[in-house]
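These notes are about the structure you will find just below.
Starting from 1, each residue takes its place in the sequence as its number. Since the model is a prediction, treat every value here as computed from it, not as a measurement.
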Amino acid sequence: MTRAPRRQGFTLLEMLLVLALILLISVAATPSLLSMLSDAKLQAAADHLRARFAEARSRAIQENRAYRFAVMPGQSDYRLAPDSPEYWGEGQPPGEEAVAPLIIEDKLPENIPFQPGEGQGRGGDSGGWVHLLSYQADGSCDNDCSFRLEFEDCRPIEITVRSLTGSVTVRNINPGGN
């Protein structure tokens, strides 16, 4: 009695069924993965700002001078520099200083635009910059400040800086607004 030879591989139909199943799972999972990636990008921008605020507060205390944070509304550009006219194009360029000041002109990751809250920002500084807040030499801020970061289909993130302590709070905003 002879046995039938053993099959060594898969049939074309079996391969097509497995590939179709993989494709179906990929199509179903893609929106969730893209949403997670967008949320991660927005959170990275908020973390980036929180680090810049901590750096500004630390330098203000260390150098015993105020630091201004200004943004370009609707864009991702921001500027952080000492809060005196010569650093904002309003006076004579500064001379030699014992400690080089922190001057940062940068963009948020992924070009996420700033959305200052209603009544936030004080006038246009030179070059279109809108002054959001200044860290004072004692680590406090000159005013309470709140603004949003929004990106594609993500839940917006609200960043709040308290004037008395200079502390930064980051929170996700529910679609209903609270």
Leu164, CG: over 12 other non-hydrogen atoms inside 6.0 angstrom: no
Would Arg79 pass as a cation-pi partner of Trp88, given that its NZ or CZ must be under 6.0 Å from the six-membered ring centre and within 45 degrees of the axis? yes
Using a 4.5 Å cut-off on heavy atoms from C-beta on, say whether the side chain of Ile61 contacts that of Asp138. no
Flag side-chain contact, heavy atom, 4.5 Å: Ile159 against Thr169: no
Side-chain donor-acceptor contact under 3.5 Å, Asp47 with Gln43: yes
Taking all non-hydrogen atoms of both residues, which atom of Phe147 and which atom of Leu49 are closest, and how far apart? CE1-CD1, 3.7 Å
Does the ring center of His48 lie less than 6.0 Å from the ring center of Phe53? no
Any donor-acceptor pair under 3.5 Å linking the side-chain atoms of Ser163 with those of Asp144? yes
Shortest non-hydrogen contact from Glu55 to Ile104? OE1-CD1, 3.8 Å
Between Ser76 and Ile112, is any pair of side-chain heavy atoms under 4.5 Å apart? no
Heavy atoms only: give me the nearest Pro109-Ala44 pair and the separation to one decimal. CG-O, 4.4 Å
Any side-chain to backbone donor/acceptor pair from Tyr67 onto Leu102? Under 3.5 Å, distance only. yes
Tyr135 and Arg68: side chain donor to acceptor below 3.5 Å: no
Close side-chain approach of Ile103 and Glu105, heavy atoms under 4.5 Å: no
So, Asp142 side chain and Ser134 main chain: donor-acceptor pair closer than 3.5 Å or not? yes
